[in-house]
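Below you'll find the structure, written out as structure tokens, and then a few comments.
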Amino acid sequence: MTAFCGIELAHPVINASGCFDALAAREVFGDSLIERFPFAAYVSKTVTLGPRAGNPPPRLWEAAGGLINSIGLPNPGIDAYLETHLPAYAALGVPIITNVMGSTVEQFGELVERVALRDEVAAIELNVSCPNVATGLDIGADPHELERLVTALRPLSAKPLIVKLTPNAADVAACAAAAESGGADSVSLINTLRAMALAPGATAPWLGGGTGGLSGPAIRSIALAQVASVAASVAIPVIGMGGVASGADAAALLDVGATLVAVGTETFRDPAAGRRIANELAQRFAENAA
Amino acid sequence: MTAFCGIELAHPVINASGCFDALAAREVFGDSLIERFPFAAYVSKTVTLGPRAGNPPPRLWEAAGGLINSIGLPNPGIDAYLETHLPAYAALGVPIITNVMGSTVEQFGELVERVALRDEVAAIELNVSCPNVATGLDIGADPHELERLVTALRPLSAKPLIVKLTPNAADVAACAAAAESGGADSVSLINTLRAMALAPGATAPWLGGGTGGLSGPAIRSIALAQVASVAASVAIPVIGMGGVASGADAAALLDVGATLVAVGTETFRDPAAGRRIANELAQRFAENAA
Amino acid sequence: MVGRRALGAYVVLEVGDEAVAAAPGQFYMLAAVVGWGGGEGERPFLGRAISALFAGDGRVGFLLEDVGPGTGRLCSLAVGEELWLVGPLGRGFDAPPAEREALLVGGGVGIPPLAMFQEAWGGRALLGFRDARHAAGASLLKDAELATDDGSVGHAGYVTDLLERELRAAGEVCVYACGPPAMLETVRALTLAAGVPAWLALEAPMACGFGACFGCVVATHDGFKRVCLDGPVFEAAVLA
Amino acid sequence: MVGRRALGAYVVLEVGDEAVAAAPGQFYMLAAVVGWGGGEGERPFLGRAISALFAGDGRVGFLLEDVGPGTGRLCSLAVGEELWLVGPLGRGFDAPPAEREALLVGGGVGIPPLAMFQEAWGGRALLGFRDARHAAGASLLKDAELATDDGSVGHAGYVTDLLERELRAAGEVCVYACGPPAMLETVRALTLAAGVPAWLALEAPMACGFGACFGCVVATHDGFKRVCLDGPVFEAAVLA
Ligand SMILES: Cc1cc2nc3c(=O)[nH]c(=O)nc-3n(C[C@H](O)[C@H](O)[C@H](O)COP(=O)(O)OP(=O)(O)OC[C@H]3O[C@@H](n4cnc5c(N)ncnc54)[C@H](O)[C@@H]3O)c2cc1C
Ligand SMILES: Cc1cc2nc3c(=O)[nH]c(=O)nc-3n(C[C@H](O)[C@H](O)[C@H](O)COP(=O)(O)OP(=O)(O)OC[C@H]3O[C@@H](n4cnc5c(N)ncnc54)[C@H](O)[C@@H]3O)c2cc1C
Ligand SMILES: Cc1cc2nc3c(=O)[nH]c(=O)nc-3n(C[C@H](O)[C@H](O)[C@H](O)COP(=O)(O)O)c2cc1C
Ligand SMILES: Cc1cc2nc3c(=O)[nH]c(=O)nc-3n(C[C@H](O)[C@H](O)[C@H](O)COP(=O)(O)O)c2cc1C
Ligand code: FES
Ligand code: FES
């Protein structure tokens with residue numbers, strides 16, 4: 001068992017927000033998914049106040065050792081999320097972390113207040129880092145703004161608040177420390193790095209959103225550096241992610257100070273990656289103990 | 001011919017600082033190197049006031065689609081550089097760009113003044129971005145500090161000043177604009193991204209320097225996004241680099257607004273990469289013109 | 001992988017799988033276990049979506065054309081080499097309404113869904129190809145009428161010319177189509193104009209194939225839909 | 001690649017090249033043109049430094065052991081597959097002084113420089129291996145005295161035990177060594193203590209192999225030196 005902000009988890013591997021649609025996966029892989037859910041907790045895709053359609057396609061570009069996405073945070077909005085999605089997630093049998101994003105402190109406040117009312121939710125993750133949406137980035141990259149935001153949100157919920165930091169910052173450790181000062185219970189990182197690709201044979205951007213965010217093995221070593229520097233700078237637990245594809249990758253993040261590890265892009269290649277990585281981790285611990 | 005800050009270049013492909021030791025290459029590959037020097041200009045490795053030994057080994061880690069280095073800017077110091085290296089570089093037959101780094105405005109000032117006296121030097125590149133040395137980073141990531149630095153250095157030399165920006169910044173375009181306001185003639189980017197790796201089977205960092213910088217194909221799409229955003233924000237010419245391995249990669253950087261392209265890590269795999277990429281570029285232009 | 005044969009410009013792969021039956025139009029995500037990625041540009045990284053050509057008795061078949069690093073590697077697989085396989089995925093074609101004749105319209109690597117459709121429910125096939133080498137793929141269906149761009153086999157021109165002719169001949173038909181985007185767009189326009197029901201099996205760049213990434217969307221009158229989850233088969237009338 | 005054969009635990013590759021003669025201890029940077037990178041961990045990305053085993057007449061030979069993704073791919077190459085090759089690189093061994101007997105000490109994949117040395121200038125070889133399967137590599141030299149870790153061939157123990165014996169037997173010798181870091185460290189300590197001149201061919205992680213990256217340094221009394229440019233052969237006395 002792994003303890004995280006007072007929540008008991010079966011193992012330290014969870015999904016990265018936006019990289020696993022549990023309802024779609026159940027539709028595709030059937031109820032066996034719930035019996036053996038690959039992750040120790042389920043993190044929702046980012047939810048905003050109103051519904052969002054997301055960016056026009058194409059939304060994906062395969063990069064060297066990774067993926068660039070410009071999905072653009074499509075989601076049904078907080079009403080539909082709370083009414084339809086959340087009760088369905090609750091049936092997964094693992095703690096639910098709801099990830100929210102607003103463009104202003106007020107929007108964030110409304111989102112946190114509404115989510116706080118729901119017993120199904122174990123923790124709230126604040127996406128202040130999505131590189132596809134200008135507002136989220138601006139708050140998350142500036143320690144002062146970030147501290148102000150978290151300070152304002154802290155009184156609105158007794159649930160653990162996780163701040164998902166932006167990696168597109170000069171000093172991520174300073175941002176993490178600001179989140180901690182504001183009252184965050186945990187920080188998570190890294191989100192995708194701003195990236196771009198041109199259409200083959202053309203001079204225009206390939207992605208409908210213009211730019212996108214890079215994830216996958218290409219960002220693994222950047223994630224490790226940022227998680228190490230953040231974990232050394234704050235006392236609150238850290239959720240590490242970025243390019244994790246194996247137990248060894250997960251172990252490295254734990255070794256530099258993360259409490260949990262999240263898996264995103266690798267689940268696209270292997271839908272059972274969460275379970276596989278948790279098993280590989282358990283085996284490493286067993287070998288080290290022996 | 002390509003024009004850059006009043007310098008005429010045979011083609012738009014130059015080397016990235018620290019990724020090609022022209023003297024060593026001549027020793028290894030012979031004088032044929034000079035007859036067909038792979039780059040249109042030669043950028044020196046970063047030079048500091050005093051000599052530096054660099055970081056303890058190991059200095060290299062192979063990452064997914066790239067390389068992490070913690071070389072630590074070994075160099076003979078400005079005296080030996082001006083006395084021994086520079087005259088040898090001058091024999092290469094291409095314009096010389098000298099890359100310098102100080103820890104303070106004063107150090108930078110002394111470096112620029114001394115280099116400015118030398119006719120062999122066509123332009124000066126200011127390394128305000130090396131992630132391996134704390135000081136370089138701090139100046140380059142903060143637009144105000146950067147503008148102050150460039151403003152102070154501008155009167156010290158009539159030679160073109162190129163500011164090599166750090167990619168580990170929240171808003172690289174703002175840094176570029178600050179460099180331009182300070183009087184820079186050009187900006188170059190991207191330098192390596194802060195990254196880390198653990199030794200296999202260990203919990204300690206592999207690299208002697210603790211962390212290092214990621215280069216190569218893994219950072220290509222990040223470089224393209226940063227170069228595009230910088231080129232859209234400044235009027236001065238931009239030198240684009242980061243993961244360039246082919247004419248197509250170079251063309252993409254030119255398409256988003258770069259004037260020159262620099263090649264680093266790819267020259268490790270193919271010492272003639274500069275010439276190959278310039279040829280591939282020329283072929284593309286010929287095809288597009290036809 | 002248990003079998004491999006060339007078919008004109010294509011390669012047919014046969015892969016051992018725990019034999020879930022796939023519906024016509026369903027697909028799998030495929031990747032080679034060894035030699036996936038690396039080399040120039042370090043691609044492929046993600047799996048590749050490939051339609052089932054047949055499925056059952058512990059085997060799944062695929063029809064491939066080498067158009068890039070991913071399909072290139074899959075085409076180069078030798079018998080005995082291992083594959084990552086996720087599927088069957090997506091919503092395929094439904095059985096055709098009894099009162100209408102099914103017209104199967106497609107071409108190129110779009111023929112596997114149509115071949116499975118014909119095997120299950122019959123239907124008359126109109127197929128288009130670049131040239132004779134590609135037209136060899138038509139042997140996967142029965143009695144197909146052909147068109148080739150270069151006129152080397154069948155009608156010289158587009159397969160949609162053949163469809164236009166059929167739509168003018170006022171029979172009660174419905175259309176099932178799979179092929180390159182431009183072909184499907186023409187099928188959509190023609191059938192809509194003719195008031196004939198049509199179902200199209202679409203392609204889109206995919207990262208996951210099971211609804212996780214929201215990367216493969218297509219615009220419909222009801223907003224963006226995931227091709228991998230809500231499709232790849234869509235009724236022509238719902239597409240925006 | 002023009003030739004390939006197994007030799008115990010090793011593979012010997014023969015590659016066509018424009019036949020620059022290489023000196024004993026010089027090396028090449030090698031990468032496969034196809035299938036370099038990708039797969040688990042997306043490595044290898046850079047070329048791999050491999051010593052010449054022979055060179056001339058348009059051919060270069062290499063001795064390889066599969067210890068990771070790079071050497072693994074090189075070992076898997078079939079005749080006819082293409083290689084990227086940069087070299088010969090580095091400073092190899094110089095000819096031994098006439099007045100001293102050359103002792104060649106090494107093991108594992110460190111034997112190619114010693115084999116070329118013996119071919120050029122003679123010398124008596126003391127070689128260490130893990131076991132009999134690896135000791136097959138000794139056939140690349142003439143009349144080598146062997147040690148194996150498991151005692152299956154020759155002396156049971158380290159090759160440096162044999163060197164210690166030789167250094168006690170007060171002949172006028174000089175030592176040329178190539179092998180794993182721990183072995184070379186012992187050779188350095190023993191020869192230094194005995195006041196015997198020794199040259200060591202070192203290994204270091206390399207990105208370029210031609211002095212460009214400053215990544216391969218070793219500490220000497222004169223500061224860090226690049227193994228690829230100033231070495232790989234260093235006199236034992238200069239190493240810090
Ligand atoms: C549901 C479905 C079923 C399919 N069925 C089949 C089938 O049965 N047989 C078959 O052969 N194919 C089929 N395809 C098509 C197949 O999936 C693609 O051709 C394949 O993914 C191409 O991969 P590649 O690496 O070979 O080529 P790529 O190089 O990926 O090129 C394919 C196209 O992708 C774009 N592209 C180029 N570079 C990139 C990049 N870096 N990132 C993103 N996009 C890029 C370009 O538009 C290019 O033309 C199907 C596709 C779908 C969605
Ligand atoms: C001058 C010279 C001559 C050589 N001659 C020969 C020869 O003749 N024959 C031969 O077989 N070998 C030779 N070698 C050794 C050979 O170059 C290495 O064994 C090879 O580079 C290993 O590559 P790999 O991918 O197979 O293994 P790797 O996985 O790269 O492992 C090799 C070692 O590198 C380290 N390592 C692991 N992961 C990484 C990483 N991601 N980045 C950096 N380091 C890592 C570890 O210490 C590991 O033990 C020589 C080396 C040098 C420098
Ligand atoms: C397709 C895709 C969609 C994503 N959507 C979200 C999102 O909605 N909210 C969020 O906070 N992060 C989102 N992310 C970022 C991931 O949660 C994660 O931080 C990042 O991908 C790095 O991890 P990885 O390399 O394991 O994918 C998304 C990433 C991808 C690839
Ligand atoms: C081994 C190595 C050494 C480098 N040394 C320097 C340096 O001395 N000064 C500098 O400004 N940049 C240095 N860089 C950064 C490169 O100039 C370049 O900005 C970066 O590597 C991205 O380009 P690439 O992906 O083509 O390598 C170095 C990079 C590498 C890989
Ligand atoms: S491919 Fe990921 S949602 Fe369709
Ligand atoms: S390997 Fe690059 S300097 Fe030696």
Side-chain angles (χ1 to χ4, degrees), chain B residues 15-30 33 38 45-46 51-76 197 200 206-209 212 215-218 243 245 263-273, chain D residues 20 22 26-33 36-49 67-70 83-91 181 202-231 239-240:
Chain B
N15 69 300
S17 173
C19 298
F20 198 79
D21 182 331
L23 306 185
R26 199 171 64 183
E27 199 177 318
V28 173
F29 300 114
L33 185 83
K45 192 161 175 56
T46 293
R52 288 172 58 102
N55 288 329
R59 291 178 169 184
L60 301 171
W61 177 262
E62 196 179 53
L67 169 70
I68 313 178
N69 83 79
S70 75
I71 308 293
L73 303 179
N75 78 90
W206 164 264
L207 294 168
S215 64
V263 180
T265 302
E266 182 64 13
T267 60
F268 303 156
R269 306 207 285 184
D270 173 8
Chain D
V20 205
Q26 283 196 300
F27 66 96
Y28 287 73
M29 296 299 284
L30 260 65
V33 169
W36 196 249
E40 250 180 89
E42 285 74 32
R43 296 200 304 133
F45 165 64
L46 301 159
R48 295 297 191 253
V67 301
L83 279 175
W84 294 111
L85 201 72
V86 179
L89 297 166
R91 294 183 42 205
L202 304 184
E203 280 191 15
M206 292 186 177
C208 70
F210 57 94
C213 73
F214 284 80
C216 61
V217 294
V218 61
T220 74
H221 293 307
D222 188 25
F224 289 129
K225 295 287 176 193
R226 284 169 279 186
V227 171
C228 70
L229 192 73
D230 301 312
L239 297 173

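Proteins come first, then strands; the chains are lettered A, B, ... in the order of their sequence lines, and each starts at number 1. Atom set for the values below is all heavy atoms of this structure, side chains included, hydrogens, waters and symmetry mates excluded.
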Q: Name the region of B:T267, side chain, backbone, both or neither, that has any atom closer than 4.5 Å to a heavy atom of chain D.
A: backbone
Q: Against chain D, label B:P271 side chain, backbone, both or neither, depending on which of its atoms sit under 4.5 Å from a heavy atom there.
A: both
Q: May I ask you to establish whether B:R59 and D:F214 are in a cation-pi arrangement, using a distance under 6.0 Å from NZ or CZ to the six-membered ring centre and at most 45° from the ring axis?
A: no
Q: Check step by step if side-chain contact (heavy atoms from CB on, under 4.5 Å) holds for B:I68 and B:W206.
A: CA-CA 10 Å; B:I68 313 178; B:W206 164 264; over 6 Å; no
Q) Is B:E27 salt-bridged to D:R91, going by a charged N under 4.0 Å from an acidic O? A) no
Q: Applying side-chain contact (heavy atoms from CB on, under 4.5 Å), run through B:F268 and B:F20 and close with a yes or a no.
A: CA-CA 8 Å; B:F268 303 156; B:F20 198 79; over 6 Å; no
Q: Please examine the side chains of D:Y28 and D:Q26, heavy atoms only from C-beta on, and report whether any two atoms are closer than 4.5 Å.
A: no
**Q.** Most contacts with chain B, counted as non-hydrogen pairs under 4.5 angstrom, among D:A207, D:G47, D:G223
**A.** D:A207
Q) Is chain B contacted by the side chain of D:V86, its backbone, both, or neither, given a heavy-atom distance below 4.5 Å? A) side chain
Q. Relative to chain D, which of B:A24, B:C19, B:P74, B:A22 shows the most heavy atom pairs under 4.5 Å?
A. B:A24
**Q.** Part of D:L89 within contact of chain B (heavy atom distance under 4.5 Å)
**A.** side chain
